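Down below is the structure, laid out as structure tokens.
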Amino acid sequence: MYYEFSFEIAADLNDYLIAVLNNLDFESMWEEENSLKAYIDLPENNSREILAQIHAHQGLEQVKLLAVNLMSDKNWNEEWEANYPPVEVDNAIQILAPFHKVEKKSPYILYIEPRMAFGTGHHATTSQMLREMLNIPFAQKKVLDYGCGSGVLAIMAEKLGARQILAIDIDEWSFLNTQDNIKANDCHHIVPQQGGLESVESLQHFDIILANINRNVILASLESLYEMLSPQGILLVSGILQTDKSKVVQYAESIGFALKNETQQENWQMLRFIKIDK
């Protein structure tokens, strides 16, 4: 059962709360003035426990929980259609829902069904990943989209010329949404798979790994991601607050990664690493 949590919060703390909610397994957020709506799949309403975990973070003690509503699939889709604008990245990429009309020509047009999955392109983490992907040679590369959400990064990888793409996510909603979006974009080189890194065949090696998740998952996965990369392979990560950048970079470099580029947007960090042979 999906629940919609409505929080009251100062606008300058929205990014901080989003990062905390990501770590609490909320799957999507919708920002409004002085408020935030977040969506989570729970067997029952655990609102008191969730609020207590939020208040345990310094600076979020005053967050108010305004309401918790049980969401149906129909209500979710109607809500998104009413509040889902197109996304444009650097005049090169358009991300449209099926109900949008193409208003202008762009080199890359992606169709993403707005459902209960993170990664529609509206958030700074996704847009930074897409922007950096434009600077990476994907032609004939083997790619892993780790925590694929809606599949938007995997789809972009194919449009940039990747020859083989594995898109994985532990969440069933994300897996099913990715399947639909692959078909909607007429992609033929993406294999969607429900599961985590343990579901990836141990002998597989990738030229590029995309990981737009969150700090905790990235830190816990860095060693495995290093082993999965080919020599000089590229790791692109986001879902990290700027305040957590040094921790992620320090650990990544201790494993054998070298930081090659970084961007910041709305307090969110994108990091581009390359695998250095030990």
Side-chain angles (χ1 to χ4, degrees), residues 1-80 82-84 114-120 122-126 146-150 168-178 194-197 211-221 237-244 247-248 266-269:
M1 295 184 291
Y2 275 91
Y3 287 92
E4 177 190 74
F5 282 64
S6 298
F7 299 99
E8 181 180 87
I9 184 173
D12 60 345
L13 291 175
N14 264 6
D15 287 342
Y16 186 14
L17 178 57
I18 287 172
V20 171
L21 293 175
N22 275 331
N23 290 332
L24 293 177
D25 295 328
F26 279 81
E27 297 178 23
S28 188
M29 293 83 177
W30 190 266
E31 298 181 68
E32 298 178 343
E33 187 175 359
N34 296 324
S35 67
L36 180 77
K37 291 183 178 180
Y39 302 86
I40 190 170
D41 183 9
L42 291 173
E44 58 184 13
N45 185 349
N46 295 323
S47 55
R48 289 185 180 180
E49 179 183 345
I50 287 172
L51 190 59
Q53 292 184 64
I54 292 170
H55 286 165
H57 290 266
Q58 186 176 1
L60 298 181
E61 299 90 343
Q62 303 304 315
V63 171
K64 294 181 180 179
L65 180 59
L66 302 178
V68 178
N69 297 308
L70 180 64
M71 300 291 290
S72 69
D73 295 346
K74 180 179 180 180
N75 287 342
W76 170 255
N77 289 329
E78 289 174 352
E79 179 76 9
W80 270 98
N83 298 282
Y84 186 89
R115 292 183 184 163
M116 200 74 81
F118 188 74
T120 55
H122 291 83
H123 199 269
T125 57
T126 310
Y146 175 36
C148 58
S150 65
I168 65 172
D169 203 297
I170 62 173
D171 179 68
E172 184 179 10
W173 272 86
S174 297
F175 167 68
L176 296 174
N177 196 16
T178 295
Q194 186 177 355
L197 290 181
N212 182 20
I213 311 179
N214 63 61
R215 181 201 66 179
N216 290 344
V217 174
I218 289 169
L219 286 173
S221 305
V237 302
S238 193
I240 303 165
L241 288 170
Q242 290 182 32
T243 52
D244 295 324
K247 185 174 183 178
V248 174
E266 299 174 12
N267 296 321
W268 292 96
Q269 190 82 41

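Note that the structure is predicted; figures quoted are calculated from it, not measured. Side-chain atoms are counted along with the backbone in the values below, which use heavy atoms only and exclude waters and symmetry mates. Numbers here are sequence positions counted from 1.
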Value for CD1 (Ile40) from OH (Tyr3), rounded to nearest 0.5 Å, stands at 11.0 Å

Inset, instruction - Using a cut-off of 6.0 Å, state whether more than 12 heavy atoms not belonging to Leu197 lie near its atom CG. - result: yes

Please verify the inter-ring angle class for Phe5 with Phe7; under 30° counts as parallel, over 60° as perpendicular, anything in between as tilted. parallel

CD1 (Ile213) and CG (Asp169) are apart, to the nearest 0.5 Å, by 8.0 Å

In this structure, CG of Leu70 is separated from CD of Glu4 (nearest 0.5 Å) by 10.5 Å

- Is a side-chain donor or acceptor of Thr178 paired with a backbone partner of Gly149 at a separation under 3.5 angstrom? yes

Donor-acceptor check, side chain of Ser238 to backbone of Gln269, threshold 3.5 angstrom: yes or no? yes

Under 3.5 Å, which donor-acceptor pairs link side chains of residues 47-60 to any protein atom two or more places apart or in another chain?
{"residue": "Ser47", "atom": "OG", "partner": "Asn45", "partner atom": "OD1", "Å": "3.2"}
{"residue": "His55", "atom": "NE2", "partner": "Glu61", "partner atom": "O", "Å": "3.4"}
{"residue": "His55", "atom": "NE2", "partner": "Val63", "partner atom": "O", "Å": "2.8"}

Rounding to 0.5 Å, atoms CZ (Arg215) and CG (Leu219) come to a distance of 6.5 Å

Value for CG (Asn214) from CG (Asp244), rounded to nearest 0.5 Å, stands at 10.0 Å

Nearest heavy-atom contact between Gly195 and Ile168 is O-CB, 3.7 Å

The ring-ring contact (aromatic ring centres under 6.0 Å, His included) partners of Phe175 (sequence neighbours excluded) come to none

State, with a plain yes or no, whether a side-chain heavy atom of Val217 is found less than 4.5 Å away from one of Tyr146. yes

Separation between CG (Leu241) and CH2 (Trp268), nearest 0.5 Å, reads 4.5 Å

